[in-house]
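The structure appears below as structure tokens.
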2 protein chains.
Amino acid sequence: MTRPPRSTSRQDRRRESEKLILQAAEKVFAEAGFGGATMQLIADVAGLPKANLHYYFPTKEALYRQVVENIFQNWLKAADIFDAAPGPVEGIGAYIDAKMEISRRHPDGSKVWASEVMHGAPVIQDYLETTLVDWTQGRMEVIRRWIEEGRMDPVDPRHLLYMLWATTQHYADFSHQIETLNGGDPLSEQQWSAAKASVKAIILKGIGARPSNEG
Amino acid sequence: MTRPPRSTSRQDRRRESEKLILQAAEKVFAEAGFGGATMQLIADVAGLPKANLHYYFPTKEALYRQVVENIFQNWLKAADIFDAAPGPVEGIGAYIDAKMEISRRHPDGSKVWASEVMHGAPVIQDYLETTLVDWTQGRMEVIRRWIEEGRMDPVDPRHLLYMLWATTQHYADFSHQIETLNGGDPLSEQQWSAAKASVKAIILKGIGARPSNEG
DNA sequence: CCACAATCTGACCAACCGGTCAAGAATTTT
DNA sequence: AAAATTCTTGACCGGTTGGTCAGATTGTGG
């Protein structure tokens, strides 16, 4: 009797375990890099025996690949805002807000992504060549349209995108440096707001963005 | 007789070997990260036996530390331009040019630096807390002065500096992504010029920089 | 309730890595 | 020229790592 309380089904447990491992892996990969991370440390962070990791993910590379792919999906999601907007003030402004929020909430993911690209994108080169190229061209088209409509200055869309990526992701990738320059403390709520406002103000003014409903 | 042609003195050879090792190390650390780099691979790239590396640099950490410290010194050098300028148009403009040039000529160094900071600055935390903090405060003072003199908008100097660092270093740290988005080719001379011009135009306009000799 | 499949895990292994060392080669000093 | 010092290098070593595996455990379908 005392039927053991089957709190979770097998499928649920599998999903939970995989999620647990992926979260631990993201943290460890972010802190130590792919080469510096060890399966043992990831296992310890996840609170599971090392052999269990290899049951769900056959190799360290497979686990790493899954982490990077998840991050990439998240990365793309922030882009939807771009299209739905009538003009650069709303579109780029919201995009900056969204990416700054990602930098704040998921700095580990941003770091893993940066590390992957910095080392030549050994595992997601195909994504860069297909999905990212398509995405980039789509947004460049949007920017060109805004320029044609006179909603902003004729800046090079490509370098504008690079500037947006660089500036927003900097707050995640270099969070340690920023903390050190902030007296060792993480940015406060107000400081994050100021950061977002500064970035938006400089870039939007820099590209001569004009509000949609002209007065 | 036939005194062996002592083409180089012992000191010269030592300096040459150290330089050779440091260059190889910078490249390998940039490509593989600290954890992924191996002394054997660095030795191969340098064209020396592994044991020889340990003669000049006792440990992998010592070699890495030397690489990072050299990069940091280079990093600081680009700052002199900042002070000598009469206003933001010249100062920040020249600073962007200088840092973009570093990104172009020494992308490996920038990557090693980014990697070091991303992983919590394990070996140069003391530099961040002393030299970098001092340097940053000095430049923020310069920017505040420019603001007081009415040479630019009252932007937050800290976030302006972050934006300058992020944008310029992005071209080195994410060079692989940029190449992929450029059809697989490195940026041409013209494309580098366009990149510099775009960054300068957007930022200088974004902060409302006004030329020194007002008309 | 039982057979079967899925999950879990401690123990183990081959490969690799940073680092050592002794012995020799080259160069400078005496 | 010989003694002393600096440099070079192949061979080696202990420790760690990614990955394996057999057997125990747990959940599931009949």
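Each chain gets a letter, A, B and so on, in the order its sequence line appears, and its residues count up from 1. Predicted, not measured: the structure shown is a model, and the values here were computed from it. These numbers come from the heavy atoms of this one structure, side chains and all, not from hydrogens, waters or symmetry mates.
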Query raised in the report: Quick one: side chain to side chain donor-acceptor pair (under 3.5 Å) partners of Glu18(A), sequence neighbours excluded?
Result: Arg14(A)

Report task. State which residues pass side-chain contact (heavy atoms from CB on, under 4.5 Å) with Ser193(A); sequence neighbours excluded, sorted by chain then number. Result -> Glu189(A)

Requested in this report: Scan for salt bridge (charged side-chain N to carboxylate O under 4.0 Å, His left out) pairs involving residues 56-72 of chain B, sequence neighbours excluded, and state none if there are none.
Outcome: Arg65(B)-Glu69(B)

Set out, line by line, the N/O atom pairs under 3.5 Å between protein and nucleotides 13-15 of chain C.
none

Report task. List for me each residue that meets side chain to side chain donor-acceptor pair (under 3.5 Å) alongside Asn70(B), sequence neighbours excluded, and say none if there are none. Result -> Gln66(B)

Report task. Using modelled atom types only, decide if a donor and an acceptor are shared between the side chain of His170(A) and the backbone of Trp165(B) within a distance under 3.5 Å. Result -> no

Query raised in the report: In residues 30-46 of chain B, which residues come under 4.0 Å of DNA chain D by heavy atom?
Result: none

Query - Residue Lys200(A) excluded, over 12 heavy atoms near NZ under 6.0 Å - result: yes

Query raised in the report: Any side-chain N or O of Arg13(A) less than 4.0 Å from the OP1 or OP2 oxygen of dT7(C)?
Result: no

Report summary line: Given the options Ser115(A), Ser103(A), Ser110(A), Asp173(A) meets side-chain hydrogen bond (donor to acceptor under 3.5 Å, both in side chains) only with Ser110(A)

Query raised in the report: Contacts to DNA chain D from residues 117-124 of chain A, heavy-atom cutoff under 4.0 Å, which residues?
Result: none

Query raised in the report: Going by heavy atoms closer than 4.0 Å, what residues in residues 56-68 of chain B are next to DNA chain C?
Result: Thr59(B), Lys60(B)

Query - side-chain contact (heavy atoms from CB on, under 4.5 Å) partners for Asn52(B), two or more places apart - result: Leu48(B), Pro49(B), Tyr55(B), Tyr56(B)

Report task. Measure the distance from CZ on Arg14(B) to P on dA26(C) and round it to the nearest whole Å. Result -> 19 Å

Query raised in the report: What is the distance, rounded to the nearest whole Å, between atom NE2 of His54(A) and atom P of dT7(C)?
Result: 17 Å

Report task. Might you point out which heavy atoms bring Met100(B) and Ala195(B) nearest each other, and give the distance in Å? Result -> CE-CB, 3.8 Å

Report task. Verify ring pair (Phe, Tyr, Trp, His ring centres under 6.0 Å) between Trp113(B) and Tyr127(B), making sure each step is shown before the conclusion. Result -> CA-CA 12 Å; Trp113(B) 174 260; Tyr127(B) 277 81; 8.7 Å; no

Query raised in the report: salt bridge (charged side-chain N to carboxylate O under 4.0 Å, His left out): which pairs involve residues 108-118 of chain A, sequence neighbours left out?
Result: none

Requested in this report: List in chain and number order the residues that pass ring-ring contact (aromatic ring centres under 6.0 Å, His included) with Phe29(B), two or more places apart in sequence or in another chain; answer none if no residue qualifies.
Outcome: Phe34(B), Tyr64(B)

Query raised in the report: Do the non-hydrogen side-chain atoms of Glu26(A) and Ile71(A) ever get within less than 4.5 Å of each other?
Result: yes

Query raised in the report: What is the distance from atom CG of Leu181(A) to atom NE2 of His176(A), rounded to the nearest 0.5 Å?
Result: 9.5 Å

Query - Check ion pair Arg144(B)-Glu141(B) (N to O, under 4.0 angstrom) - result: yes

Query raised in the report: Nucleotide by nucleotide, 5' to 3', does protein get under 4.0 Å of the base (B), only the sugar-phosphate (S), or neither (-) in nucleotides 9-14 of chain D, counting heavy atoms?
Result: BB----

